[in-house]
Amino acid sequence: IVTWNTMISGYAQVGDMDNAFKIFEEMGERNIVSWNSLIAGFLQNGLYLDALKSFVSMGHEGKRPDHSTFACGVSACAHLAALQVGKQIHLSVIKSGYVKDLFVGNSLITMYAKCGRIRKAKLVFNDIDEVDIISWNSLIAGYALNGYGKEAIELFEDMLMKGVAPDQVTFIGVLSACSHAGLVSQGLKLFKSMTEVYTIEPLVEHYACIVDLLSRAGRLKEAFEMVTEMKIKPN
RNA sequence: CUUUUUACCAAUC
């Protein structure tokens, strides 16, 4: 079974979900990891509906999801903005006792945030005993997505005060928040601190946030200069 | 052997 499972995730990692699924169907006996590998594979390849369908099929076959399955199922709902299904899965998470799992908690934050339920996302965050960088990043990105620039920055500052070191994903979140909320000088300041204080090399995503920030503010000349002068190849 | 967070644009809701 382990060999078959490894093949499923191997195919998934190279983006070949047709063969991953073929292997899954052909194997005689499956365990929870077989299902998780398939569902995670769909998720990683952007096939969210297939991920969710597989999550449901698994239940129909009488298999109980574990923390990984739930994290993936909730994440699929997040990407699909499937709030009703997401809430249902949240209920079964509670019933099955996986509500304390960080991976599950973090995916719930994202799910509620992507469904526009930012207050609920914050509640889930607050309910987690020991949040990690992913929890912070998830909620910050959630605020950004929903246009709450000030809150995103406040959360970022809370994070720093708790001694958590931001990473590149954190900055994608805060910079995107600044762009959506029109916080131009804040955004530029954060971008500067990212490289100078936190010594994080900007990715194309960070430049995109700044170009977006400047462009939305009507500062097209500076936006253009940012594109032409950026250290990496623009996409 | 499997898990959660990651920008812009367009489309959809």
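Order of the sequence lines fixes the chain letters, A, B, ..., with proteins taken first and strands second; residue numbering starts at 1 for each chain.
In the set B/U2, B/U3, B/A7, B/U3 carries the atom at the smallest distance from any side-chain atom of A/Gln44. Looking at the side chain of A/Val2, the nearest of the listed nucleotides B/U3, B/C1, B/U5 is B/C1. Considering only side-chain atoms of A/Cys72, the nucleotide from B/U6, B/U3, B/A7 that sits closest is B/U3. Closest to the side chain of A/Ile172, from the set B/U3, B/C1, B/U6, is B/U6. Here B/U5 is the nucleotide among B/U5, B/A7, B/C1 with the atom lying nearest to any side-chain atom of A/Thr110. Closest to the A/His180 side chain, of the nucleotides B/U5, B/C8, B/U2, is B/C8. Nearest to the side-chain atoms of A/Ala208 among the listed nucleotides B/C9, B/A7, B/U5 stands B/A7. For A/Ser107, the side-chain atoms get nearest to B/U4 when compared with the rest of B/U4, B/U6, B/U2. Among B/U4, B/U5, B/C8, the nucleotide with an atom closest to any side-chain atom of A/Arg216 is B/C8. Comparing atom distances between the A/Ser68 side chain and each of B/U4, B/U2, B/U6 picks out B/U2 as nearest.
The separation between A/His206 atom NE2 and B/A7 atom P is 10 Å, rounded to whole Å. Between A/Glu205 atom CD and B/A7 atom P the separation is 8 Å, expressed in whole Å. Note: CH2 (A/Trp136) to P (B/U4) measures 22 Å, nearest angstrom. For the pair A/Ile39 CD1 and B/C1 P, the interatomic distance rounds to 19 Å; values are reported in whole Å. Atom-to-atom, NZ of A/Lys233 to P of B/C8 comes out at 21 Å; the value is rounded to the nearest Å. Spacing between atom CD1 of A/Ile8 and atom P of B/U2 amounts to 12 Å, rounded to whole angstrom units. In this entry the distance linking NZ of A/Lys114 with P of B/A7 reads 6 Å, nearest Å. When the C1' atom of B/U6 is taken as reference, atom CD1 of A/Ile200 falls 13 Å away, rounded to whole Å.
A/Tyr148 and A/His180 share no donor-acceptor pair across their side chains, judged by distance under 3.5 Å alone. Using modelled atom types, one finds a donor on one side chain and an acceptor on the other under 3.5 Å when comparing A/Asn106 with A/Asp132.
Remark: aromatic rings of A/Tyr198 and A/Phe171 are close, center separation under 6.0 Å.
Counting any heavy atom pair closer than 4.0 Å across all strands shown, A/Arg30 reaches no nucleic acid atom. At a threshold of 4.0 angstrom between heavy atoms, the contacts of A/Leu43 are confined to the sugar-phosphate backbone, with no base atom among them.
Between A/His79 and B/U5, a side-chain N or O to OP1/OP2 separation shorter than 4.0 Å is present. Close to B/U3, at under 4.0 Å from its OP1 or OP2, lies no side-chain N or O of A/Ser75.
Residues A/Met230 and A/Val204 have side chains in contact (heavy-atom distance under 4.5 Å, counting atoms from C-beta outward). In this structure the side chain of A/Val184 never reaches within 4.5 angstrom of the side chain of A/Cys178, judged on heavy atoms.
In terms of polar N and O atoms assigned as donor or acceptor, the side chain of A/Asn5 comes within less than 3.5 Å of the base of B/C1 in a complementary pairing.
Classification of A/Lys22 and A/Glu25 as a salt-bridged pair fails, no side-chain N sitting under 4.0 Å from a carboxylate O.
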